[in-house]
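The next block holds one structure in the form of structure tokens; read it before the comments.
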Amino acid sequence: LIRQHEEVTGEAKPICLADDDEGLVKQYRTQLIKILKTSKFYNPEEILNTFPENKLLEERAVLLGCVGRYNRAIFIYIQNLGKPSAAEAYCDDVYLREGCHGPHPVYLALLQEHLKWFFPKKTTVLMDKKKISDLVRLLQKHHGRIDPVQALKELPTSISIAQLQGYLDASL
């Protein structure tokens, strides 16, 4: 699949989502992702040990999620692929596939990775109103899927309780 991607695109690095690819490569990658998500006939940990680190990143993220390494999977979507919306869709998919109700660690990982993306240095004060708004939107949208106690532990002190009121009201 990697070789075919290189032949079709002339690139040695499929650094995109399968949906952003073209033709047969898109079709094969989409099928591979479906198999990785649904099949019980392979060991994800074994595949990860031989899987390329810098190619087929979406597929790698799916494998990481299969072994519970949600932070790393979400990091790939946000940092490597630059697609925070795909990270959120990934979390929704994990949640629905696992038939969950209530808080799930994949959404806490989503919050943690957004926080790292918004201010990579722990000492940075989060003052950008757009970033605060995006975080609050994320919390409100997934209020039933993010443990409020854990979320509050993760948030920077520069976000006021007033800004979180909608999330807290919905969560409690």
Side-chain angles (χ1 to χ4, degrees), residues 1-120 130-131 133-147 150-151 154:
L1 185 58
I2 294 169
R3 240 187 334 262
Q4 187 172 21
H5 187 280
E6 292 170 0
E7 290 171 10
V8 170
T9 64
E11 297 176 5
K13 54 177 179 31
I15 306 293
C16 64
L17 296 173
D19 283 346
D20 295 338
D21 241 322
E22 299 174 357
L24 281 177
V25 174
K26 177 180 181 174
Q27 183 181 348
Y28 292 153
R29 288 186 68 197
T30 302
Q31 288 175 345
L32 176 59
I33 289 167
K34 182 178 179 183
I35 291 167
L36 293 174
K37 287 179 179 179
T38 60
S39 178
K40 303 292 181 206
F41 299 106
Y42 76 98
N43 182 332
E45 195 69 58
E46 286 181 23
I47 300 290
L48 270 171
N49 291 334
T50 60
F51 210 78
E53 296 255 347
N54 59 348
K55 297 180 180 185
L56 301 173
L57 294 178
E58 185 174 9
E59 292 81 345
R60 184 169 191 73
V62 170
L63 286 167
L64 287 163
C66 289
V67 296
R69 292 193 243 163
Y70 300 122
N71 283 76
R72 184 69 190 121
I74 294 166
F75 177 89
I76 288 172
Y77 283 106
I78 293 176
Q79 298 286 350
N80 297 123
L81 296 170
K83 304 276 188 173
S85 61
E88 196 169 338
Y90 163 81
C91 293
D92 293 340
D93 183 60
V94 168
Y95 191 83
L96 293 174
R97 261 188 298 122
E98 293 183 9
C100 297
H101 303 290
H104 190 285
V106 75
Y107 286 99
L108 182 61
L110 180 65
L111 174 63
Q112 291 167 334
E113 293 305 319
H114 267 81
L115 287 167
K116 288 177 193 172
W117 185 45
F118 285 157
F119 63 121
K130 167 87 169 92
K131 291 178 180 178
S133 174
D134 288 349
L135 279 175
V136 171
R137 179 206 57 81
L138 181 78
L139 287 168
Q140 287 177 331
K141 182 175 180 183
H142 302 293
H143 68 272
R145 299 175 178 187
I146 301 175
D147 182 317
Q150 293 297 320
E154 297 292 332

Measuring from atom [atom1] of [X] to atom [atom2] of [Y], what distance do you get when rounded to the nearest 0.5 angstrom?
X	Y	atom1	atom2	answer
Ile74	Arg72	CD1	CZ	11.5 Å
Leu110	Phe75	CG	CZ	14.0 Å
Leu48	Leu63	CG	CG	4.5 Å

**OP:** Report yes if some heavy atom in the side chain of Leu24 is under 4.5 Å from a heavy atom in the side chain of Gln27; otherwise report no.
**Re:**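 Side chain of Leu24 against side chain of Gln27, heavy atoms only: contact under 4.5 Å found.
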Original post:
Do Asp92 and Tyr107 have side chains that get closer than 4.5 Å, going by heavy atoms?
Top reply: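 Yes, side chains in contact.
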**OP:** Would you please indicate if the ring centroids of His142 and Tyr95 are separated by under 6.0 Å?
**Re:** no
For [X], enumerate each residue passing the side-chain hydrogen bond (donor to acceptor under 3.5 Å, both in side chains) test, keeping only those at least two apart in sequence or located in another chain.
X	value
His143	none
Tyr77	none
Arg137	Glu88
Glu45	Arg69

Under the salt bridge (Lys or Arg N to Asp or Glu O under 4.0 Å) rule, collect the residues that match up with [X], sequence neighbours excluded.
X	answer
Glu53	Arg60
Lys83	Asp20
Asp134	Lys130
Glu113	Lys116

Side-chain polar contacts of residues 30-37 - donor-acceptor pairs under 3.5 angstrom, sequence neighbours left out - could you list them?
residue: Thr30; atom: OG1; partner: Lys26; partner atom: O; Å: 2.7
residue: Lys37; atom: NZ; partner: Asp93; partner atom: OD2; Å: 3.2

**OP:** Return the minimal non-hydrogen interatomic distance between Trp117 and Pro84, and the atom names on each side.
**Re:**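 Closest approach of Trp117 to Pro84, heavy atoms only: CH2-CG, 3.3 Å.
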Original post:
For Ala73, which residues count as a side-chain contact (heavy atoms from CB on, under 4.5 Å) partner, sequence neighbours excluded?
Top reply: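 Ala61, Leu64, Tyr90.
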Original post:
Residues in side-chain contact (heavy atoms from CB on, under 4.5 Å) with Gln112, at least two apart?
Top reply: Asn71, Leu108, Ala109, Glu154
Original post:
Got a sec, which pairs hit ring pair (Phe, Tyr, Trp, His ring centres under 6.0 Å) with one end in residues 39-68, sequence neighbours left out?
Top reply: none
